Amino acid sequence: MLNRTALEALTLRPVPFLRSAWPWRCAAYLMASVVPGAVIGVAAAVTQALPEPLLYVAGPVVLVVSLLPVARFERLRLLLVDGVPLPEVPDRRRREAGLALMTLLALWWIDLLMVGFTVVGPVLLILTPLVQPEVTPEVGGAASVAGVLLLPVAAYTVTAWGGARGAVVRTILAPQGSELSEVLRSRARLVDAFEMERRRIERDLHDGAQQRLVALSMTLGMARLDLAEDSEAGRLVGLAHDEAKQALAELRELIRGVHSPILTDRGLAAAVRDVAGRSPVPIGVDVEVGRLPAPVEVTAYYVVSEALANLAKHSRATKGSVTGRVRRGTLVVEVSDDGVGGADPAKGSGLTGLADRLAVVEGRLSLSSPIGGPTLLRVEIPCA
Amino acid sequence: MRVVIAEDAVLLREGLVGLLERFGHTVVASVGDAPGLLAAVAEHRPEAVVTDVRMPPGFTDEGLRAALELRGRHPELAVLVLSQYVEQTYAAELLDSGAGAGVGYLLKDRIGDVREFVDALDRVAAGGTVVDPEVVRQLLRRRRDPLDRLTPREQEVLGLIAEGRTNASIAKELFVTEAAVAKHIANIFAKLDLPPAADGHRRVLAVLAYLRQG
């Protein structure tokens, strides 16, 4: 079903809407207010029955005690009009208490009045000939017809109020923005899962293929010792040996591209030194940070690797530098070069990719790259 | 020579044992993790250790840490560390221990060049220093200054020095006379401000100076 809330159902064409379960669900949703109404009734009855001094204490106590069950009930009945799961919020208890108080003091009687006017009214009109035998048959018949005609209207009214009430309840229990943070969290989980997968691949290659290739290369090296260089077999084994060594070298670079083992072992500073050491452009490294949370380290490393790759490819720089410090709980990394500048996030997907990656850890990227250079890329990532 | 091997991949460990024994060495113990390495050295007192960097239980740099610990405990013990990847930090840490004498850092790929690998182990055992050519290549590529002052030929010679080669071996590799090699080396020392007063380890110092600048 595409429509997952009562409000959305209102946009259906009339016939499918009237034939759907939504009016019934909304009526049931509103009728359920009998329960909080009963709670108020019980609170009132208890208070009535008690002698003077206890009376002022008992009423509020009954109300407070009932807050939690009423909130639970509100959550449950919301499913009748809103099929979208509620996200978890940190201050859930406080929000539920507020909603329960609102239900007990106001919402329940508004709901019942609403149902009374929209549903019971037309039903009474239809039943006019039965409940009011004294009116003339003409009047009774006209009333019955009017009642029948009012029923579809009632369906819309009940659904509208039920849907609106559901939206209010949702807003109270899960305020705007909490769904956004849920999206952010799920994105962070995706990135984490992706990162774990990379590590697994790296580990598998390292423990499997790489070790076997080393063993193969060693065996071929030994065989080479026993064979004359100028023999046909010696020549072939020599070729195979060279191929194996070539494969090893390629595999080594591949593994490094998949995941940096140094990052895991020694942290950001060592890993940045390592990647800077591979750059064809000389890169000065001044990174003084201790071990940071893994997502921060991985993201910062990713940014530096990308930035240095861009630098080598596009900047035409003669030298560059990477600095890193933690300032007031925020990792600040700067990558700069003396190249031609003109780096533009709109042009390449590289920079937007960096920004996306940073968004997951709530980091920020700023770039200064005027035509003619120099380029400065600055990244801030909160470490908390 | 009595050797202890630490390597967690069984295939490779057995291969290393066979290889070293074929060249007349005695493998007194071969183990699969860092605690095992420390225990084996304590028990057998070998002359040399060959160890992997990444080993159980944590699969990070346990092998390297164990090697550093052994260097601290037994300064006379030669240690050759095999790594799956080029990592200057590791190489520098290792060479810093015991001023770089009797120590080596090689890529695992080099095991395939059987004879050179065994030569490297011998050089380490004789108190020499061996740094993987790949590490040296990266250092040379990165450091424009003061390595900029070296001619390409001198950079090549420095690379071979880092591998622990003798003048004769360098001369053979480059198809020049030993006298020419000696002249190159003198130039390198001069350009790198290494005074003649320093002892015979100037060759090692030349390499170390650059690794340490990290």
Side-chain angles (χ1 to χ4, degrees), chain A residues 199 202-203 205-208 210-226 240-256 259-267 269-285 287 318-319, chain B residues 7-20 22-23 52-56 58-65 82-93 107-118 134-135 137-145 147-148 210-211 213-214:
Chain A
R199 286 190 62 177
E202 180 251 331
R203 177 77 62 80
L205 286 175
H206 178 274
D207 291 345
Q210 205 175 16
Q211 305 282 6
R212 281 179 188 282
L213 267 177
V214 171
L216 170 67
S217 165
M218 181 174 61
T219 310
L220 287 170
M222 301 258 267
R224 230 171 158 174
L225 290 179
D226 295 335
H241 191 200
D242 292 343
E243 285 295 324
K245 284 195 284 189
Q246 188 60 35
L248 256 178
E250 282 171 17
L251 187 61
R252 200 173 57 231
E253 287 310 309
L254 177 71
I255 289 179
R256 181 170 292 281
H259 177 85
S260 163
I262 310 303
L263 184 66
T264 319
D265 293 358
R266 291 298 168 92
V272 167
R273 266 197 297 277
D274 182 64
V275 71
R278 298 165 175 279
S279 172
V281 179
I283 305 291
V285 176
V287 177
T318 59
K319 61 179 192 297
Chain B
E7 161 65 58
D8 62 305
V10 181
L11 200 61
L12 200 53
R13 186 166 71 221
E14 293 313 312
L16 276 171
V17 173
L19 190 156
L20 290 181
R22 175 172 171 153
F23 281 86
D52 190 5
V53 170
R54 191 140 89 158
M55 279 202 294
F59 291 99
T60 60
D61 54 358
E62 277 88 347
L64 181 83
R65 288 174 197 276
L82 299 175
S83 177
Q84 211 79 290
Y85 29 79
V86 182
E87 172 36 40
Q88 291 157 17
T89 307
Y90 292 168
E93 280 175 0
L107 275 180
K108 271 194 179 175
D109 303 19
R110 310 294 169 215
I111 303 173
D113 298 317
V114 179
R115 211 183 287 277
E116 282 159 45
F117 171 69
V118 177
E134 190 64 29
V135 176
R137 199 175 59 77
Q138 279 187 24
L139 286 173
L140 291 176
R141 193 173 61 181
R142 177 163 57 141
R143 296 266 161 55
R144 297 288 162 91
D145 177 52
L147 288 193
D148 248 1
Y210 292 96
L211 282 170
Q213 276 177 20

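Keep in mind that the numbers below use all heavy atoms, side chains included, and drop hydrogens, waters and symmetry copies. Reminder, nothing fancy here: chain letters follow the sequence lines and each chain counts from 1. On a predicted model such as this, the values are computed, not experimentally measured, just so you know.
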For each of His206(A), Arg203(A), Gln211(A), Met222(A), tally heavy-atom pairs with chain B at distances under 4.5 Å, and name the one with the top tally. His206(A)
Heavy-atom cut-off 4.5 Å, strictly under: side chain, backbone, both or neither for [X] against chain A?
X	answer
Arg22(B)	side chain
Arg13(B)	neither
Glu7(B)	side chain
Leu82(B)	neither

Does any part of the side chain of [Y], heavy atoms only, come nearer than 4.5 Å to the side chain of [X], both counted from C-beta?
X	Y	answer
Arg115(B)	Leu225(A)	yes
Ile262(A)	Tyr85(B)	yes
Gln84(B)	Val214(A)	yes
Glu93(B)	Arg266(A)	yes
Arg224(A)	Val114(B)	no

Pair Gln210(A)-Lys108(B), side-chain donor/acceptor within less than 3.5 Å: no
Before giving the answer on side-chain hydrogen bond (donor to acceptor under 3.5 Å, both in side chains), spell out for Tyr90(B) and Asp265(A) the whole-Å C-alpha distance, their side-chain angles and the decisive distance to 0.1 Å. CA-CA 11 Å; Tyr90(B) 292 168; Asp265(A) 293 358; 2.8 Å; yes
Could you list the residues that satisfy side chain to side chain contact (heavy atoms under 4.5 Å, CB included) with Glu253(A), not counting sequence neighbours? Arg256(A), Arg278(A)
Partner set under side chain to side chain contact (heavy atoms under 4.5 Å, CB included) for Ser217(A), not counting sequence neighbours: His241(A), Ala244(A), Lys245(A), Leu248(A)
Go through Leu16(B), Leu12(B), Leu11(B) and name the one with the most non-hydrogen pairs under 4.5 angstrom from chain A. Leu12(B)
Of Leu107(B), Ile111(B), Leu19(B), Asp109(B), the largest count of non-hydrogen pairs under 4.5 angstrom with chain A goes to Asp109(B)
Taking all atoms of both residues into account, what is the closest heavy-atom pair of Arg54(B) and Pro261(A), and its distance? NH1-CB, 4.2 Å
